[in-house]
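Single-structure report; data block below.
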Amino acid sequence: MEKCRHVLPGEHIYKGRLFFGYTPPEVLDAVLDFEVRDDDIFIVTYPKAGTTWLQEVAWLIVNDGNVGKAKGQQVYFRSPFLEFKDLVLNEVGLEIAESLTSPRVIKTHLPVDLVPSRMFQTKCKKLVLFRNPKDLCVSYFHFYRSSSSFGNFQGSWSEFLEMFLNGHVDHGSWFDFTKGWWSKKDNSDVLILFYEDMKKDLKSEIRKISDFIGKSNVTEEMVARIADHCSFENMRTNPMTNHHDVYSIDREISPLLRKGVVGDWKSLFTAEQAEYFDSVYSEKMEGINVPFQYYI
Ligand code: A3P
């Protein structure tokens with residue numbers, strides 16, 4: 001397949017990574033100096049890995065399974081997006097994070113070298129969620145189509161696939177992100193999670209996260225309550241998690257909670273594209289064995 005370079009309105013490059021206007025250079029500079037607290041919990045994901053899902057799960061674990069409180073405020077205010085700045089609404093992730101009481105649950109999509117330097121100098125916990133890159137790429141394509149944040153992208157699936165494999169997408173290369181964070185997997189403050197494991201057994205992942213962040217009062221009843229609140233159907237219909245109020249997302253084109261399944265990549269990938277993807281993957285991920293699951 002031919003290599004191509006799509007330049008969309010609003011793109012900029014910061015330290016070799018592509019970003020759009022909602023992540024301006026001055027915010028990325030400020031993120032590096034962000035005051036991390038010892039008891040912060042970071043949700044670290046590449047876009048479309050299931051970020052919102054893990055934000056809601058982690059926030060509820062931290063907040064003793066208080067679903068009533070979770071239903072009272074948008075997830076993006078309870079768990080701010082660190083590098084986000086919306087000039088229209090005057091919402092700045094850094095400011096929201098600074099205003100929160102501890103322990104905070106903070107979302108970032110940044111590669112490991114662009115996160116706050118204090119993230120590795122404090123005892124803060126990093127929950128790193130991965131998703132198999134074929135499903136993630138399909139999910140990202142639909143998000144690019146539905147969101148006005150990405151220069152009003154009107155391209156085709158095959159164009160997007162090429163952009164994705166070349167790292168010409170928002171927040172830069174998935175390969176770069178994945179290799180960087182995977183290299184931190186043995187750090188005692190890093191927990192690697194997989195979307196597919198959450199799909200297979202959410203309760204078990206809730207227990208794993210609770211143990212990791214040192215939450216000792218999590219009962220089985222609380223685990224069940226969190227799992228129920230965070231089911232795909234419940235989050236899809238919950239106005240505090242489904243992002244229906246987010247003006248930049250046209251949910252008629254594709255809602256944030258779209259299908260929520262493993263294996264949807266088959267709906268768009270042709271056999272030739274899957275083979276091409278696998279060959280690029282083998283080349284770029286040589287020597288790195290991340291146990292991705294493409295089917296469950
Ligand atoms: P699909 O587009 O494949 O449906 P992010 O929050 O990182 O943008 O990720 C969005 C993806 O996570 C979407 O994938 C969305 O449906 C999925 N997702 C969100 N909440 C989920 C849940 N409770 N269960 C399963 N998948 C969920």
Side-chain angles (χ1 to χ4, degrees), residues 20 22-23 42-61 67 70-71 74-76 78-84 93 105-110 127-147 149-150 157 160 164 169-171 174 177-178 181 193-206 209 224-244 246 248-269 292-296:
F20 281 89
Y22 77 88
T23 314
F42 282 87
I43 306 295
V44 180
T45 58
Y46 190 81
K48 314 322 288 177
T51 321
T52 319
W53 192 11
L54 183 58
Q55 281 174 282
E56 192 68 355
V57 166
W59 188 91
L60 278 164
I61 293 171
V67 296
K71 285 178 182 164
Q74 291 292 348
V75 61
Y76 45 77
R78 288 179 280 121
S79 169
F81 183 7
L82 192 64
E83 63 268 26
F84 179 81
V105 178
I106 302 171
K107 154 185 166 180
T108 182
H109 290 320
L110 290 171
L127 304 179
V128 181
L129 175 65
F130 289 127
R131 184 181 192 183
N132 88 62
K134 287 181 183 160
D135 278 337
L136 182 144
C137 184
V138 166
S139 180
Y140 211 0
F141 168 64
H142 290 295
F143 193 53
Y144 248 67
R145 292 193 309 119
S146 64
S147 170
S149 299
F150 310 121
W157 157 242
F160 184 81
F164 180 84
V169 283
D170 184 42
H171 276 77
W174 176 88
F177 174 94
T178 303
W181 281 103
L193 298 160
F194 289 93
Y195 177 95
E196 293 78 13
D197 290 340
M198 288 174 67
K199 282 295 295 186
K200 281 194 288 195
D201 188 351
L202 184 55
K203 288 183 185 170
S204 150
E205 298 307 289
I206 292 170
I209 297 165
R225 193 177 342 132
I226 295 172
D228 179 61
H229 176 89
C230 294
S231 71
F232 179 79
E233 199 46 32
N234 285 341
M235 281 187 60
R236 189 185 69 79
T237 51
N238 178 356
M240 297 301 140
T241 53
N242 64 16
H243 288 49
H244 281 190
V246 174
S248 57
I249 302 174
D250 184 343
R251 63 189 159 102
E252 299 302 321
I253 298 177
S254 187
L256 179 81
L257 278 96
R258 191 182 58 91
K259 285 193 183 170
V261 297
V262 179
D264 186 47
W265 60 272
K266 289 184 154 185
S267 69
L268 285 182
F269 273 85
F292 287 119
Q293 303 159 68
Y294 295 88
Y295 314 86
I296 55 171

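Just follow the structure's listing: the first ligand is 1, and inside any ligand the first atom is 1. Along the sequence shown, residues carry numbers from 1.
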Set of ring pair (Phe, Tyr, Trp, His ring centres under 6.0 Å) partners for [X], sequence neighbours left out:
| X | result |
| --- | --- |
| F84 | Y22, F81 |
| W59 | none |
| F269 | W157, W265, F277 |

Worksheet item: Listing by chain and number, which residues have a heavy atom under 4.0 Å from ligand 1?
Response: K48, A49, G50, T51, T52, W53, R131, S139, Y195, C230, S231, F232, M235, L256, L257, R258, K259, G260
Worksheet entry | Separation between CH2 of W181 and OG1 of T45, rounded to the nearest 0.5 Å | 10.5 Å
Worksheet item: Taking NZ, NE, NH1 and NH2 as the nitrogens, is one of them in K200 or E205 under 4.0 Å from a carboxylate oxygen of the other?
Response: no
Worksheet item: Looking just at side-chain N and O atoms, do S254 and S146 make a donor-acceptor pair shorter than 3.5 Å?
Response: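 No.
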